[in-house]
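Read the structure below first, then the notes.
So that the names make sense, note that chain A is the first sequence line, chain B the second, and so on, each numbered from 1.
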Amino acid sequence: MEGSLNSMALLANYILVPGLAYGSQLALGALGVTMIYAVLNFSNFSHGEIMSFGAMITILVTYWFQGLGISVYPLPTALIALPVGIGGAILLCLLLDKLVFSFYRQQRSNSVTYLIVSIGVMFVIGGITRFIIGPDDRNFNDGERFILKARAFKEMTGLSEGVAIKSSQAITVASAFIVVAAVFWFLSRTRTGKSMRAYSNNPDLALLSGIDPNRVVIIAWVITAGLAAVSGTLYGLDKSYKPLVFLHLVLPIFAAAIVGGVGSPLGAIVGGFVIAFSELFITFAYKKMAAYLLGDGVLGDGLLQLLSTDYKFAVSFIILVIVLLIKPTGIFSGKSI
Amino acid sequence: MNFLFGKYCQTQLGLKRLPNLLRNLILAGIMACLLAIVGISQSWNLAFSLLNMCLISAIMALGVNIQWGYAGLFNAGVMGFAALGGLAAVLISVDPVRAAWAAGGQGLLFGLVIGVFTTCSAIFAWRRLSNSGSKRYWITILLLVVGFATMRFFTDPATLAIEAVDAARSGYLGGLGMPIMFSWIIGGLLAACVAWIIGKISLGLRSDYLAIATLGISEIIIYFLKFEDWLTRGVKNVNGLPRPVPYEIDLQNEAWFQQVTSTLDVSVVDASSLLVKACYTGIFLAVLLAVIWFSETALRAPWGRMMRAIRDNETAATAMGKNVQKQHLQVFVLGSAVIGIAGAMLVTLDGQFTPTSYQPLRFTFLIWVMVIIGGSGNNWGAVLGGFVIWFFWIEAEPVGLWLITFLTSGMEPTSWLRLHLIENAAHTRLITMGMVLLLTLRFAPRGLIPETKR
């Protein structure tokens with residue numbers, strides 16, 4: 001009995017808690033990617049850099065607040081700086097749309113042209129972000145580190161395995177939940193949200209029904225930018241902020257969006273968690289768990305790991321490739337290929 | 001009269017063609033001048049190393065151009081193929097580590113056989129069970145998991161044994177000890193083989209999915225090279241690869257070289273490194289010309305016409321009886337092979353293989369910028385793009401620094417803003433590249449040297 005409880009604690013500590021947090025970050029990112037895909041019909045490679053930009057503004061405002069002595073301890077200051085970050089990201093996206101993307105919309109360019117344009121945008125925003133904040137690692141989490149410490153958990157339950165919950169993880173999951181709920185409420189209950197879905201489904205018909213395409217596009221950018229700023233900041237709070245990371249984060253985010261079904265908001269959420277949990281499940285070393293459940297050394301002294309931790313990021317790409325092969329429309333059959 | 005009229009027509013035609021040729025020559029001339037300016041104002045050594053990298057970039061851009069310009073395939077996995085070429089350079093040129101082979105070679109080979117067998121049986125099962133519902137998935141997954149677990153049972157101890165052999169200096173299997181130039185061909189072949197597999201998997205996808213899939217696969221390749229120490233030494237890098245050209249130190253000790261430098265009154269050290277770089281330039285130029293010759297000939301041939309037809313209208317080409325998927329696979333493999341060759345050349349030039357240096361920004365997206373700026377569909381455009389973009393990628397750093405120092409010279413020398421701007425000046429090159437790409441796409445979407453209508 002105690003063995004199985006211990007192994008449950010082990011799983012909770014190394015897979016459930018980090019998986020929920022990382023999954024929420026991916027889900028928020030994928031939701032943004034999917035939103036742009038649904039409305040503007042292209043894969044936005046610059047999404048990672050928009051996340052980075054939003055997080056950067058939040059960090060700068062956080063530093064400013066810290067200088068002024070404003071704080072909401074035990075919560076990190078970044079939470080009250082986040083609205084400014086969101087505002088900055090929204091401004092950036094609207095500017096981008098006005099200066100760059102609207103031209104190609106008028107031209108009715110194909111999706112590959114958009115893709116290449118978004119790569120150019122990625123270069124520019126990435127450069128601006130690095131130019132302003134520099135390429136270094138930044139830790140801006142000044143709140144309480146832990147909600148539940150491993151030792152406290154051990155004392156509480158008397159188990160030999162501890163479960164630790166970092167406050168950043170709890171904040172991530174909670175704010176992701178709130179943001180996702182808000183977006184879904186918006187899409188399904190408000191008139192504007194419904195008009196967005198209609199536009200995504202059939203732009204010509206939506207135009208005929210009196211929906212203003214420009215308005216839909218602007219709202220899509222606003223939501224995407226907001227999601228990007230939130231997910232970028234949460235990722236930075238949980239791990240640490242480094243501009244270089246976001247280029248690599250784009251791929252798991254795309255993987256999440258495609259696995260769930262590009263263009264389907266629900267799919268993006270599910271995809272995010274699928275990617276996050278499979279990364280952790282596949283690279284987790286089950287040695288200790290087997291020892292708890294079956295006794296020491298029954299299954300030999302290997303680590304009992306499906307893939308070494310080195311390949312953690314590769315897992316998401318492998319899943320992406322498999323999904324593209326078997327079911328390119330994703331779990332929730334988004335827009336078909 | 002007729003004769004005169006004919007001649008008039010010819011000159012007219014000639015004149016019509018002339019502006020194109022003239023413009024291309026002017027563009028090439030500007031590029032040469034830029035390199036010469038670097039040579040005079042900074043150093044000729046730098047100019048030649050820039051030129052060498054420009055040549056390699058041009059070959060990579062040609063590879064991408066074959067895929068994108070000829071066939072409209074968006075390959076975002078350039079980095080992976082370049083790295084595979086680099087791997088070939090290591091595997092061909094380095095001397096074999098006999099102790100490592102003795103320690104784990106057998107187990108590894110045995111594991112490899114099991115791995116191949118597993119993959120084949122999984123594919124076989126997948127094909128045979130095409131109409132048996134969910135059983136298909138379970139049996140394939142079971143086969144794969146059991147097969148790879150058995151494989152790891154043999155390979156894990158073998159790789160550990162190999163990595164333990166003199167870990168500080170080797171710790172990997174080594175190569176075949178053959179001349180490194182040979183690896184360029186092998187690099188191309190290796191990239192082609194992998195491209196065939198990737199193409200088989202992902203070429204049926206829509207264009208932007210293809211981009212994402214290839215980007216993901218190239219990341220997987222890099223992860224493999226980074227963490228499979230037994231093959232590549234991983235993050236420990238492989239240094240001191242043999243060279244196809246003489247070493248500077250040997251040149252400096254040659255009597256004839258000392259004589260020549262003393263008559264020319266130049267320093268022996270500078271002259272030797274310049275000569276080595278010039279040798280590389282010669283070899284690279286030969287490869288570039290060969291690749292251009294092949295691709296231009298192919299583009300003029302019926303094959304090229306067919307490719308353009310497929311690119312411009314797949315449905316029509318299919319209706320004409322062309323096997324679009326087969327041709328896409330072919331052109332994908334060809335382009336990747338060219339990128340692989342360039343990757344092997346790059347590692348040869350560097351003399352070392354560093355898996356961590358492969359970044360998508362530098363090896364995938366930058367090459368794409370070269371092709372777009374140069375003019376997709378035009379081989380000369382791709383070459384020019386390779387030169388121009390690599391030149392600005394390197395020179396944007398000193399120029400940006402100079403510009404910022406100049407612009408902020410009015411500020412206090414110790415003002416934090418000025419220091420910050422100067423410290424981060426290097427990142428202006430990302431902004432510059434992005435702006436150049438965006439402006440080209442907007443105002444000259446056909447690039448510097450547009451595709452010629454045939």
Part of [X] within contact of chain A (heavy atom distance under 4.5 Å):
{"X": "B/Tyr137", "value": "side chain"}
{"X": "B/Ala425", "value": "backbone"}
{"X": "B/Val369", "value": "side chain"}
{"X": "B/Ile404", "value": "side chain"}
{"X": "B/Leu437", "value": "side chain"}
{"X": "B/Phe365", "value": "both"}

When [options] are compared by non-hydrogen pairs under 4.5 Å with chain A, the top option:
{"options": "B/Glu423, B/Arg152, B/Lys226", "answer": "B/Arg152"}
{"options": "B/Met433, B/His420, B/Met435", "answer": "B/His420"}
{"options": "B/Gln359, B/Arg429, B/Glu219", "answer": "B/Glu219"}
{"options": "B/Ile222, B/Ile217, B/Leu361, B/Ile372", "answer": "B/Leu361"}

Regarding [X] and [Y], do their side chains bring together a donor and an acceptor under 3.5 Å, going by distance alone?
{"X": "B/Trp230", "Y": "B/Glu228", "value": "yes"}
{"X": "A/Tyr37", "Y": "A/Ser200", "value": "no"}
{"X": "A/Asp137", "Y": "A/Ser240", "value": "yes"}

Of the backbone (N, CA, C, O) and the side chain (C-beta and beyond), which part of [X] lies under 4.5 Å from a heavy atom of chain B, both, or neither?
{"X": "A/Ile318", "answer": "both"}
{"X": "A/Phe131", "answer": "both"}
{"X": "A/Ile128", "answer": "both"}
{"X": "A/Ser43", "answer": "both"}
{"X": "A/Tyr104", "answer": "side chain"}

- Query: Does any N or O in the side chain of A/Thr34 come within less than 3.5 Å of the main-chain N or O of A/Gly263, such that one atom is a donor and the other an acceptor?
  - Reply: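 Between the backbone of A/Gly263 and the side chain of A/Thr34 there is a qualifying donor-acceptor contact (under 3.5 Å).
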
- Task: May I have the step-by-step check of salt bridge (Lys or Arg N to Asp or Glu O under 4.0 Å) for B/Arg233 and B/Asp229, ending in yes or no?
- Result: CA-CA 4 Å; B/Arg233 289 197 85 211; B/Asp229 286 17; over 6 Å; no

- Query: In this structure, which one of A/Phe246, A/Tyr235, A/Tyr63, A/Phe53 forms a ring-ring contact (aromatic ring centres under 6.0 Å, His included) with A/Tyr241?
  - Reply: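 Checked A/Phe246, A/Tyr235, A/Tyr63, A/Phe53 against A/Tyr241; only one passes ring-ring contact (aromatic ring centres under 6.0 Å, His included): A/Phe246.
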
- Message: Check the orientation of A/Phe281 and A/Phe277. Use parallel for under 30°, tilted for 30 to 60°, and perpendicular for over 60°.
- Response: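 Correct class here is tilted.
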
- Query: What orientation do B/Phe74 and B/Trp68 show, parallel under 30°, tilted 30 to 60°, or perpendicular over 60°?
  - Reply: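 B/Phe74 and B/Trp68: perpendicular rings.
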
- Message: So that I can tick it off, tell me whether B/Arg311 and B/Glu451 are bridged by a salt bridge, with the cut-off set at under 4.0 angstrom between side-chain N and carboxylate O.
- Response: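 So B/Glu451 pairs with B/Arg311 through a salt bridge.
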
- Taking the six-membered ring of A/Phe103 as reference, does the NZ or CZ atom of B/Arg442 fall below 6.0 Å from its centre and within a 45° cone about the axis?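 Cation-pi check for B/Arg442 and A/Phe103: passes.
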
Heavy-atom pair count under 4.5 Å with chain B, highest-scoring of [options]:
{"options": "A/Ile132, A/Leu320, A/Asn110", "result": "A/Ile132"}
{"options": "A/Ala255, A/Gly134, A/Pro252", "result": "A/Gly134"}
{"options": "A/Thr113, A/Val112, A/Val250", "result": "A/Val112"}

- Item | Ring center gap for A/Phe273 and A/Tyr22 short of 6.0 angstrom |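 Between A/Tyr22 and A/Phe273, which both carry aromatic rings, the centre distance is not below 6.0 Å.
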
